[in-house]
2 protein chains.
Amino acid sequence: MATSSTVENYLKAIYQAQSAAEDKQALVPMGHLASALGVVPGTATTMVKTMVGSGLVAYEPYSGVRLTEAGEHLAAMVLRRHRLVELFLVQIMGMSWAEVHEDAEQLEHAVSDRLIDRIDQLLGRPAVDPHGDPIPDPEGIVAQHLHKNLLTCPVDTDLVVTRVLNQDADFLRFLEQHELKPGQAIKVIARDASADSVSILSSGNHQVTIGTRAASKLLVEI
Amino acid sequence: MATSSTVENYLKAIYQAQSAAEDKQALVPMGHLASALGVVPGTATTMVKTMVGSGLVAYEPYSGVRLTEAGEHLAAMVLRRHRLVELFLVQIMGMSWAEVHEDAEQLEHAVSDRLIDRIDQLLGRPAVDPHGDPIPDPEGIVAQHLHKNLLTCPVDTDLVVTRVLNQDADFLRFLEQHELKPGQAIKVIARDASADSVSILSSGNHQVTIGTRAASKLLVEI
DNA sequence: AAAAATATTTTGACATATCAAAACTAAAAT
DNA sequence: ATTTTAGTTTTGATATGTCAAAATATTTTT
Ligand SMILES: [Mn+2]
Ligand SMILES: [Mn+2]
Ligand SMILES: [Mn+2]
Ligand SMILES: [Mn+2]
């Protein structure tokens with residue numbers, strides 16, 4: 001019954017792929033799962049089959065995999081631990097938001113319920129982590145905000161960065177340097193389809209131009 | 001090269017058995033190692049052989065096992081992480097000294113060098129953990145205090161509890177209730193060989209009688 | 001509709017970690 | 001000096017997690 005950290009990683013990867021998809025009921029293709037976990041596709045197929053045996057996922061050969069109720073709850077608990085740990089490392093331990101992801105990747109499997117509750121309490125039952133990712137509550141329920149990204153939001157309007165959908169340390173440091181962390185006020189001043197770029201004005205009247213790939217990872221609210 | 005948590009647990013168990021022995025060069029018998037780790041003797045034999053292959057231990061069939069230089073250093077690092085985490089959980093997270101051992105048992109394998117250094121710094125480079133166990137420095141060097149226990153210390157003399165050689169939560173709670181935590185002042189008022197007991201007077205003029213088995217686990221200085 | 005390309009599953013192998021039970025060694029007792 | 005006992009090692013299995021490469025299935029292109 002005690003889910004291994006490998007199984008926890010599979011659960012988390014399936015959960016996140018499901019969340020990212022438009023259709024929340026869609027199956028996650030095995031190839032996607034395998035590459036998210038850094039294993040060959042055959043390995044993912046084998047693991048998913050044993051997870052079917054544990055009642056954690058539903059699996060359709062040649063189509064993909066989806067979490068069951070039980071699997072979804074466990075996945076949410078892993079994500080809850082990951083995100084609370086990240087916020088803890090930033091707020092209490094004074095670590096950089098760019099580097100906490102790797103640490104949390106390990107600690108999410110090692111922190112007990114007792115400790116995670118202490119952390120939650122110490123941080124004041126926070127709703128989001130340092131990257132703006134929502135923290136599931138102890139029942140696994142996640143507040144669903146519908147944020148726009150820098151490609152879909154209105155131009156020349158006051159915005160606040162709310163979430164970053166990319167854990168790459170260099171990218172996070174880049175955002176920090178250009179005052180684009182969650183909570184900071186910005187404005188999209190131009191979008192150029194042919195140049196594949198978006199130009200942003202930060203609160204400190206700093207101007208940056210980034211590619212659309214990166215722009216799609218920055219979520220904002222008005 | 002990245003030592004698994006299983007190997008880390010073997011290293012730690014061998015290290016602690018070596019430390020507890022009078023002769024620090026003595027071999028640790030396989031039976032002792034196996035029972036410390038909760039595995040059958042055959043399992044320990046197999047694991048120890050693979051650890052010989054990694055240069056972590058020296059092994060004499062039918063005699064026992066001993067750490068190499070490399071093994072001793074790694075073991076000290078595991079212990080360093082374990083003890084810093086325990087102190088952190090007590091001092092910063094406000095957990096009870098009786099319950100932190102289980103959490104540390106998992107976290108010792110998951111905290112990064114970066115994080116452990118932050119913890120060390122935040123705690124002010126402490127020398128001992130909540131149970132009085134010495135914390136190895138980053139080079140693996142341990143300050144060796146020669147404390148007496150309640151069976152070998154002088155009677156009717158002012159003492160201070162310095163260390164508890166038993167992580168059992170119930171025992172630790174018992175000590176706490178009777179004001180016998182590390183740092184607290186006590187006095188041995190009587191030792192009765194035939195009754196197998198030791199009577200103690202705490203700073204709050206509280207009196208308790210405990211068995212010699214328990215008394216041998218309480219270290220003090222004068 | 002057939003061929004080509006892409007994705008997935010299966011097969012056989014391997015590494016790690018474990019146990020049960022048989023075989024063996026060493027130490028203690030008679 | 002045997003015998004008994006206690007401790008240790010070996011052998012044969014099992015569970016988990018992984019890969020390489022072959023076999024299949026599905027989708028796309030022609
Ligand atoms: Mn993260
Ligand atoms: Mn995050
Ligand atoms: Mn401990
Ligand atoms: Mn301790």
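Keep in mind that this is a model prediction, so the values were computed, not measured. In what follows, chains are A, B, ... by sequence order, proteins preceding strands, each numbered from 1.
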Hey, what are the protein-to-nucleotides 24-28 of chain C N/O distances that come in under 3.5 Å?
residue	atom	partner	partner atom	Å
C:dT25	O4'	B:Y62	OH	3.4

Query raised in the report: Taking the six-membered ring for Trp, are B:F174 and B:F171 parallel (under 30°), tilted (30 to 60°) or perpendicular (over 60°)?
Result: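 Parallel, since the angle between the ring planes stays under 30°.
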Query raised in the report: Hey, what's the ring geometry for A:H101 with A:H131, parallel, tilted or perpendicular (30° and 60° as the breaks)?
Result: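 Taking A:H131 first and then A:H101, their aromatic rings stand perpendicular (interplane angle over 60°).
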Specify the closest pair of heavy atoms between [X] and [Y], including all atoms of both residues, with the distance to one decimal.
X	Y	result
A:W97	A:P182	CZ3-CD, 3.5 Å
B:R81	B:E108	NE-O, 2.6 Å
A:V7	A:L56	CG1-CD1, 3.8 Å

Taking any heavy-atom pair under 4.0 Å as a contact, classify [X]: base, sugar-phosphate, or nothing.
X	value
B:G31	sugar-phosphate
B:S4	sugar-phosphate
A:G38	sugar-phosphate
A:T43	base

Report task. Would you grab the first and last nucleotide of DNA chain D (5' to 3') that comes under 4.0 Å of any non-hydrogen atom in chain A? Result ->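 That gives a stretch of D:dG17 to D:dT26.
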Query - Donor on one side chain, acceptor on other, A:T209 and A:S197, under 3.5 Å - result: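 Per modelled atom types, A:T209 and A:S197 side chains form no pair under 3.5 Å.
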**Report entry** Side-chain donor-acceptor pair present, A:D196, A:S194, cut-off under 3.5 Å
**Finding:**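 No, because no side-chain N or O of A:D196 sits under 3.5 Å from a partner of the opposite role on A:S194.
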Output the rounded distance in Å from [atom1] ([X]) to [atom2] ([N]).
X	N	atom1	atom2	answer
B:E8	C:dA17	CD	P	11 Å
B:L33	C:dA17	CG	P	14 Å
B:L37	C:dA17	CG	C1'	12 Å
B:M47	C:dA15	CE	P	15 Å

Report task. Quantify the bending of the helix from C:dA1-D:dT30 to C:dT30-D:dA1 as the angle between its end axes, each fitted on five pairs, to 10°. Result ->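 That helix has its two terminal axes inclined by roughly 10°.
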Query raised in the report: Are the side chain of B:R114 and the backbone N or O of A:E99 linked by a donor-acceptor pair below 3.5 Å?
Result: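 Side chain of B:R114 to backbone of A:E99, a donor-acceptor pair under 3.5 Å: yes, one is there.
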Query - Side-chain heavy atoms of B:L11 within contact of B:L67, under 4.5 Å - result: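 Answer yes - side chains close enough.
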Query raised in the report: Are side-chain heavy atoms of B:H145 and B:T162 found at a separation under 4.5 Å?
Result: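 Of all side-chain heavy-atom pairs linking B:T162 with B:H145, none is under 4.5 Å.
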**Report entry** Of A:S5 and B:P41, the one whose closest DNA chain D nucleotide lies more 5'
**Finding:**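 Its nearest nucleotide lies further toward 5', so the answer is B:P41.
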Query raised in the report: NZ/B:K12 to CD/B:Q16 distance, rounded to the nearest 0.5 angstrom?
Result: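 Those atoms lie 6.0 Å apart.
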